[in-house]
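See below for the structure under consideration.
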Amino acid sequence: LEYSISGSEDVKQIVVEENRCELTDLAMGSVYSFNAKIVTTEGKSEFSNLMPLTTKFTQTEIGQFKDEVYGAIAEIVDNIRRETRFCAIKAQTTDTGTLKYDSIYVSANNVDGASLDQNSGLFTAGWAGAYQVAYNMEMKSEGTQDHSVWAVVNGAKVAQSLMHSNHDGNDHGTGIDNGSRVILVNLAPGDTVALTHETNGAGALNNVNFCVSSVMLK
C-alpha cells in the first residue's frame with residue numbers, strides 16, 4: 001500500500017498481510033491519495049488507480065483555544081490600525097454659529113460611520129474613543145469687536161475650548177489676532193464636533209483650519 005498527502009512527493013509504503021489495516025499517522029482535515037498492488041508467490045500486479053480520501057477534522061480543546069487567542073490578537077491588531085483623521089479649511093467667513101468649510105484637505109479614515117461634512121461643518125465619530133480637536137485662524141476686528149470661537153460637542157460648548165479676541169475701537173484701525181487651540185474630547189459613536197463663532201462686528205475670520213483625529217479608539 002502506498003499513500004501520501006495529495007500534491008506531496010513524500011510517499012509512504014507499508015506491507016499489509018491481512019485484508020484490512022489501520023493508519024495512525026494521518027493529519028486531520030487532509031486529502032490523501034492511496035493505491036495498492038497485490039504481491040503473491042506467483043507474481044505481482046500493477047498499482048491500482050489512485051484513490052483520494054479526506055480525513056476528518058476534530059477540533060481539540062488546545063486547538064480551539066489557539067484559534068480563540070489568534071482571533072483575539074487579530075481583532076486587537078485591526079482595532080489598532082483603525083484611524084480617523086479629517087481636516088477642513090475656510091478661506092474667510094463673517095458667519096456666526098456653526099462654521100462651514102470650503103474644502104476638506106485631509107481625509108484618512110477606515111472607521112465605518114466617521115465623516116466630516118464641509119457643508120454642515122459637523123464631524124461625526126464612527127467609534128467611541130478619545131479624539132484630538134485642533135483649530136487655528138486669523139481673527140480680524142474692525143473698530144470695537146470681539147470674536148469668540150468654541151468647539152462644540154453635540155451642540156454644547158466645551159468649556160476649555162474657548163478662543164477669544166478683543167479689539168478696542170480706541171486703538172484705531174484694524175485689529176488682527178492669530179489663535180490656535182488643541183483639545184481632547186471623549187466621543188461615542190454618532191457624536192458630533194464642530195466650531196461655533198460669536199462676534200459683534202464686521203471683521204472676518206481668515207484661514208480657518210479645523211482638524212479632528214482619533215487618538216485611542218475603543
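Numbering of residues begins at 1 and proceeds along the displayed sequence. Values below: every heavy atom of this structure, side chains too, minus hydrogens, waters and symmetry copies.
Not less than 6.0 angstrom separates the ring centroid of F123 from the ring centroid of F210.
Checked by atom type, the side-chain pair S33/S4 shows no donor-acceptor distance below 3.5 Å. Under the 3.5 Å distance criterion, with hydrogens and angles disregarded, no donor-acceptor pair is assigned to the side chains of Y101 and N209. No side-chain N or O of H147 forms a donor-acceptor pair with one of H164 less than 3.5 Å apart.
Under a 3.5 Å cut-off, the side chain of T94 and the backbone N or O of A204 do not form any donor-acceptor pair. In this structure a side-chain-to-backbone donor-acceptor pair under 3.5 Å is present from T199 to D146. A donor-acceptor pair is defined here as one N or O able to donate and one able to accept, closer than 3.5 Å; no such pair exists between the side chain of S214 and the backbone of L217. Of the possible donor and acceptor atoms, none in the side chain of S180 sits under 3.5 Å from a partner among the backbone N and O of N136. At distances below 3.5 Å, at least one donor-acceptor pair connects side-chain atoms of R181 with backbone N or O atoms of Q160. Between the S103 side chain and the Y105 main chain, no donor and acceptor come within less than 3.5 Å of each other. In terms of modelled atom types and a separation under 3.5 Å, the side chain of Y32 and the main chain of A27 share a donor-acceptor contact.
With sequence neighbours left out, F86 forms a ring pair (Phe, Tyr, Trp, His ring centres under 6.0 Å) with no residue at all. Checked against ring pair (Phe, Tyr, Trp, His ring centres under 6.0 Å), F47 has no partners two or more places apart in sequence or in another chain.
Interatomic distance, CG of L205 versus CD of E138, reported as 9.5 Å (0.5 Å rounding). Separation of atoms OH (Y135) and CG (L99) is listed at 11.0 Å; rounding is to 0.5 Å. The SG atom of C21 lies 4.0 Å from the CD1 atom of I14; values are rounded to the nearest 0.5 Å. Note that CG of L26 and NZ of K56 are 13.5 Å apart. Values are rounded to the nearest 0.5 Å. Taking CD1 of I5 as the reference point, atom NZ of K12 lies at 8.0 Å (rounded to 0.5 Å).
The side chain to side chain contact (heavy atoms under 4.5 Å, CB included) test with T192 singles out one residue from D117, T124, V152, and that residue is T124.
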Practice task
Please report the C-alpha distance between Q92 and N206 in whole Å, then the side-chain angles of each, then the deciding distance to 0.1 Å, and finally whether the side-chain hydrogen bond (donor to acceptor under 3.5 Å, both in side chains) criterion is met.
Solution key: CA-CA 4 Å; Q92 185 179 78; N206 297 318; 2.9 Å; yes
Practice task
Show your reasoning for whether side-chain hydrogen bond (donor to acceptor under 3.5 Å, both in side chains) applies to E142 and T174.
Solution key: CA-CA 5 Å; E142 302 289 352; T174 299; 3.1 Å; yes
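Side-chain atoms of M51 and N49, non-hydrogen and from C-beta on, never get closer than 4.5 Å to each other. Using a 4.5 Å heavy-atom cutoff, the side chains of K157 and E198 are in contact. Counting heavy atoms from C-beta on, the side chains of L187 and V193 come closer than 4.5 Å.
With respect to the salt-bridge test (charged N to carboxylate O, under 4.0 angstrom), the residues D177 and K140 do not qualify.
Residue pairs meeting the salt bridge (charged side-chain N to carboxylate O under 4.0 Å, His left out) criterion with at least one partner in residues 85-109, sequence neighbours excluded, are E83-R85, K90-D102.
Within a 6.0 Å radius of CD1 in I38, no more than 12 heavy atoms belonging to other residues, nucleotides or ligands are found.
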